[in-house]
Amino acid sequence: MAPTGRAALLAALGSLPVGVWEPGWTGLLAVNAPLAVACACDYALAAPVRTLGLARSGDTSVRLGETADITLTVTNPSRRPLRARLRDAWPPSSWTPGTETEASRHRLTIPAGERRRVTTRLRPTRRGDRQADRVTVRSYGPLGLFTRQGTHKVPWTVRVLPPFTSRKHLPSKLARLRELDGRTSVLTRGEGTEFDSLRAYVPGDDTRSIDWRATARQSEVAVRTWRPERDRHLLLVLDTGRTSAGRVGDAPRLDASMDAALLLAALASRAGDRVDLLAYDRRVRALVQGRASGDLLPSLVNAMAQLEPELVETDTRGLTAAALRTAPRRSLIVLLTTLDSTPVEEGLLPVLSRLTQRHTVLLASVADPHVAAMGQGRGDVDAVYEAAAAAQAHTERDRTADQLRRRGVTVVDATPEELAPALADAYLALKSAGRL
């Protein structure tokens with residue numbers, strides 16, 4: 001019954017001003033016996049709450065930014081119909097701000113002995129596991145004067161996975177991969193180190209690719225075509241230390257690194273290479289090894305879902321040792337870390353030779369687009385100072401990158417939107433040059 005209807009009923013039963021009535025059995029009995037009887041009957045006719053049966057079903061995982069539907073089945077075993085309001089409580093990050101009230105509250109009417117379903121739609125704003133808190137049910141009598149209320153624990157977990165926004169770049173990168181692999185009409189000449197097939201010589205071919213024995217057996221000059229190496233090993237190393245917590249735009253740097261790692265993993269698995277993942281700061285936070293190509297991406301996104309930046313300085317010696325244990329044979333090691341001068345010069349450079357002696361090393365770092373925007377400012381004194389600071393920061397990153405390149409490291413430094421395709425291009429360039 002609506003509040004206006006209840007107020008009219010109270011006034012009719014007791015001829016009392018609504019504003020002076022105060023609930024409570026003692027007050028009711030002293031003021032108006034018919035009103036007390038009505039309230040007692042309303043309370044008695046409200047369906048019990050604690051005997052309700054509740055069960056969940058629905059989505060168990062969702063990508064960040066998408067929606068997950070969780071169905072709650074409510075069974076009313078009593079002999080009285082249930083008129084109720086229900087709140088399905090989840091952590092605040094399960095919804096975008098301002099939508100929790102509408103999404104988590106439901107009205108229910110369930111006849112005696114029947115069941116009904118309500119759906120709670122989640123739209124998480126953070127990665128990781130979101131666990132249902134409790135279900136609160138408030139049962140109303142037919143007059144709406146008194147209620148019964150109780151809570152139930154109905155466990156359910158939804159894992160929020162990385163969004164993988166760079167997936168849109170995968171078709172174009174696969175097209176380039178097919179060109180390198182000789183499966184399109186565009187033939188690459190002299191790239192890779194694995195022999196693929198013979199074909200007729202055309203002007204512009206590298207004469208070193210001519211197969212003289214095959215030429216002697218036929219009437220035209222034959223050249224060898226090559227394909228990029230297959231079954232190579234890639235180790236993706238995510239630095240989850242304090243530098244990965246720095247926010248670029250609306251997300252930490254770690255999120256952009258994970259997105260780039262997912263695109264590279266998808267591309268490399270299509271190329272026939274094996275991909276492993278290591279997340280490290282002062283200890284191993286995640287490790288994915290030995291997955292088949294069909295199981296690789298699900299394993300990676302599940303491992304990344306619960307990764308959060310740790311506000312500690314990364315132990316680069318421990319990271320190097322863990323990487324060498326994970327990749328005992330020659331591999332491409334992709335370090336997704338920072339290009340800030342202090343962590344690189346004091347942490348990475350002293351131990352870098354241990355990696356470059358045995359492996360090909362590629363370092364990818366997330367650049368802040370706000371710094372580039374600051375560098376364009378000239379409107380006033382503050383803008384000039386900001387531009388000078390941006391220029392200094394850019395110079396330091398270039399100097400750090402040059403130090404790494406002189407030690408044989410391939411460096412990719414790009415903004416969050418550009419990092420994933422740039423890293424994929426660097427991988428394809430290494431593959432076409434036969435450096436894997």
Side-chain angles (χ1 to χ4, degrees), residues 1 23 25 39-40 42-163 285-286 298-299 301-308 310:
M1 182 176 294
W25 289 109
C39 291
D42 196 49
Y43 178 80
L45 292 174
V49 172
R50 301 193 181 280
T51 59
L52 294 175
L54 292 95
R56 292 190 187 274
S57 60
D59 296 328
T60 57
S61 64
V62 62
R63 290 196 180 276
L64 185 65
E66 298 179 358
T67 58
D69 290 338
I70 313 301
T71 300
L72 188 66
T73 302
V74 184
T75 303
N76 177 21
S78 72
R79 297 180 180 180
R80 297 188 289 274
L82 174 70
R83 308 169 188 86
R85 291 183 181 179
L86 180 147
R87 179 175 182 262
D88 190 5
W90 290 75
S93 58
S94 301
W95 294 279
T96 53
T99 63
E100 186 269 341
T101 300
E102 180 182 357
S104 65
R105 287 167 169 78
H106 310 275
R107 288 181 177 270
L108 278 175
T109 301
I110 307 178
E114 296 188 13
R115 67 182 65 181
R116 294 290 185 271
R117 293 182 176 88
V118 294
T119 299
T120 301
R121 176 159 291 180
L122 308 182
R123 192 180 184 89
T125 58
R126 292 180 58 185
R127 289 179 292 100
D129 288 345
R130 297 292 170 269
Q131 296 181 346
D133 185 5
R134 66 189 66 187
V135 177
T136 302
V137 182
R138 179 175 293 176
S139 173
Y140 290 85
L143 300 178
L145 299 176
F146 270 76
T147 62
R148 300 170 184 262
Q149 180 168 307
T151 60
H152 296 259
K153 296 290 289 185
V154 191
W156 194 260
T157 301
V158 175
R159 174 156 293 184
V160 186
L161 307 174
R285 300 289 177 177
S299 299
V301 295
N302 271 293
M304 292 177 180
Q306 301 190 77
L307 286 179
E308 295 291 343
E310 300 291 332

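No hydrogens, no waters, no symmetry mates; every other heavy atom, side chains included, goes into these values.
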Taking all non-hydrogen atoms of both residues into account, name the closest pair between [X] and [Y] and its distance.
X: P155; Y: K153; answer: CD-O, 3.6 Å
X: G150; Y: V49; answer: N-CG1, 3.6 Å
X: P81; Y: A47; answer: O-CB, 3.4 Å
X: R80; Y: P48; answer: NH2-CD, 3.3 Å
X: R127; Y: L307; answer: NH1-O, 2.7 Å
X: V158; Y: V62; answer: CG1-CG1, 3.8 Å

Looking at side-chain heavy atoms only, is the closest gap between [X] and [Y] below 4.5 Å?
X: L122; Y: W95; answer: yes
X: L86; Y: L72; answer: yes
X: E100; Y: R105; answer: yes
X: S139; Y: T147; answer: no

Between R126, R123, R130, which is the residue that forms a side-chain hydrogen bond (donor to acceptor under 3.5 Å, both in side chains) with S93?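 Checked R126, R123, R130 against S93; only one passes side-chain hydrogen bond (donor to acceptor under 3.5 Å, both in side chains): R130.
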
Salt bridge check: are E102 and R121 linked by an N-O gap of less than 4.0 Å?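 No salt bridge links E102 with R121.
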
Atom pair [atom1] ([X]) and [atom2] ([Y]), whose distance is rounded to the nearest 0.5 Å:
X: T157; Y: I70; atom1: OG1; atom2: CD1; result: 9.5 Å
X: Q149; Y: Y140; atom1: CD; atom2: OH; result: 8.5 Å
X: L161; Y: L64; atom1: CG; atom2: CG; result: 9.0 Å
X: R115; Y: N76; atom1: CZ; atom2: CG; result: 11.5 Å
X: T120; Y: R87; atom1: OG1; atom2: CZ; result: 10.5 Å
X: S94; Y: D133; atom1: OG; atom2: CG; result: 10.0 Å

Selection residues 53-65 - residue pairs positive for side-chain hydrogen bond (donor to acceptor under 3.5 Å, both in side chains), sequence neighbours left out: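 Only R56-D88 qualify under side-chain hydrogen bond (donor to acceptor under 3.5 Å, both in side chains).
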
Within the side chain of R85, is there an N or O that forms a donor-acceptor pair under 3.5 Å with the backbone of H106?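 No, the answer is negative, given that no donor and acceptor are paired below the 3.5 Å cut-off.
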
Under the salt bridge (Lys or Arg N to Asp or Glu O under 4.0 Å) rule, collect the residues that match up with R116, sequence neighbours excluded. E114

Within 6.0 Å of CZ in R159, more than 12 heavy atoms from elsewhere: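 More than 12 heavy atoms, drawn from other residues, nucleotides or ligands, come within 6.0 Å of this atom.
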
